[in-house]
Amino acid sequence: MHPTLAADHARLAELLQSVHALAAGELAGLDERPAWQSYPAPGPEPLPAEGAGTQGALDRFAERWAPGFSGSAGPRYLGFVTGGATPASIAADWLTSVYDQNAGGGGGSSAAALERQTLAWLRELFGLGDAHSGAFVTGSTMSNTVGLAVAREWLGEQRDVSVSEDGAAALGPVTVLSGAPHSSITKAASVLGFGRSAVRRTPLLPGNREAVDVTALARELEELDGRPAVVVANLGTVDTVDFDDLRAIAALKERYGFWLHADAAFGAFAALLPSHAHLTDGLDLADSVCVDLHKWFNVPYDSAVLFTRRQDLQVRVFHNSSPYLGLPALPDPDFLHLTPENSRRLRALTAWFSLVAYGREGHREIVARNTAAAASLGDALARVPHLRLLAPVRLNVVCFTLAGSPTPEAVQAAVQAVAATGEAFITPTSYRGVPALRAAFSNWRTTPADTERALAAITKATTPTT
């Protein structure tokens, strides 16, 4: 054994205490770490030859790299939809590395059984029935890709071809209909061989809505003249967190043949609030469902799940046909037969810890507090003369812009000005053709005081100069 490696092994407990000290200090100061910062990256270094050992690596990281990390896990990082990491999920993430279980296979370990228990709890949390089976993936992009891959196999089933055997060319042209799809849907369409142009945007409801017009959707399906299609319903759109009417969409399946995929990456968490649970009504009717856990569930990157009613088709797409890996026996195949990955870490452990530690009520409280924060910020921004809301605050995102006729350049300048304060971070967007700004609340640490600080930073940074 290399001497440095042997020395690290001998004093591992001491080294972990050093890591604990650094981590504890960083977490203690996370609330005050700049939400965004422009920090000069260290210059390039030659590849170490002998190595400095774990303590040396830790010291070098703390000195050279850690100071440049943003407070993206903190309470005022309002860009994209970014969660944090709860104490329970941090503990679990450490243990995930300690036990280092390959969750792809199920043999010789209870890890796969823990993952199935966690998936069952998540189904219950989001109101999905036993007909849905699940699997962990990296994030919503991969969850949507896996869901649409299963949909692709269903399309082949309708046309009496096997896409998994003969390829996407055997399927022919595909139509994917959606009102306000996330960009990961078009990315998935590209990866899966549908082509980005296969994704057709269906008209939305009038007014400040991003929900699909179900009547218009029915017309689009009618025009397909019986050809099967994929419909992507959106539960929580990016800019205004609007929700498609899932029950109304699912009812169309009585007349038209389509696969219903629900992109509920963070919108699924509305199910935890009695005041908003109606927005996810009908989720169980979807053929596949995407939920992203490193967003509003506040577990570390990376973690998401894909649920589907057609595990048999999922296995047909992703099974790894090698004798040493075993056969994908239903209803509980090894997870390597359900996603693109063969080997992967036990992502379920952070979710399991979180559910055991905080339960349904703990996660409901996070969602409720973030939703209240978004409403509070929206109300306050509506009273700022040089800003204006572009849509009602429906859940956890505030979509607003500069007064007058904002340009993309002005909006980007506003983003940079807010970020330069270190107090908050928001992201640009375009809503119905208007350059806009959005602030998304999904971090368990965010308090009303953080909302006030973010408001002050946004208001000051966007104040016109005379």
For Y77, what residues pass the ring-ring contact (aromatic ring centres under 6.0 Å, His included) criterion, not counting sequence neighbours? F425
So does [X] pair up with [Y], basic N to acidic O under 4.0 Å?
{"X": "R310", "Y": "E157", "result": "yes"}
{"X": "R445", "Y": "D31", "result": "yes"}
{"X": "R33", "Y": "E26", "result": "yes"}

Just say parallel, tilted or perpendicular for the rings of H363 and F297, cut-offs at 30° and 60°. parallel
Under 3.5 Å, is there a donor-acceptor pair linking the side chains of [X] and [Y]?
{"X": "R219", "Y": "T202", "value": "no"}
{"X": "D263", "Y": "N144", "value": "yes"}
{"X": "E153", "Y": "S164", "value": "yes"}
{"X": "W154", "Y": "D287", "value": "no"}
{"X": "Q314", "Y": "T308", "value": "no"}

Please assess T86 against S89 for the test side-chain hydrogen bond (donor to acceptor under 3.5 Å, both in side chains), listing each intermediate value before the final yes or no. CA-CA 5 Å; T86 58; S89 68; 3.1 Å; yes
Are more than 12 heavy atoms, taken from residues, nucleotides or ligands other than K187, located less than 6.0 Å from that residue's NZ atom? no
Here's one to test your reading of the geometry: is the NZ or CZ of R344 within 45 degrees of the ring axis of F335 and under 6.0 Å from its centre? yes
Among all residues two or more places apart in sequence or in another chain, which pass the side-chain hydrogen bond (donor to acceptor under 3.5 Å, both in side chains) test with S288? W259, H261
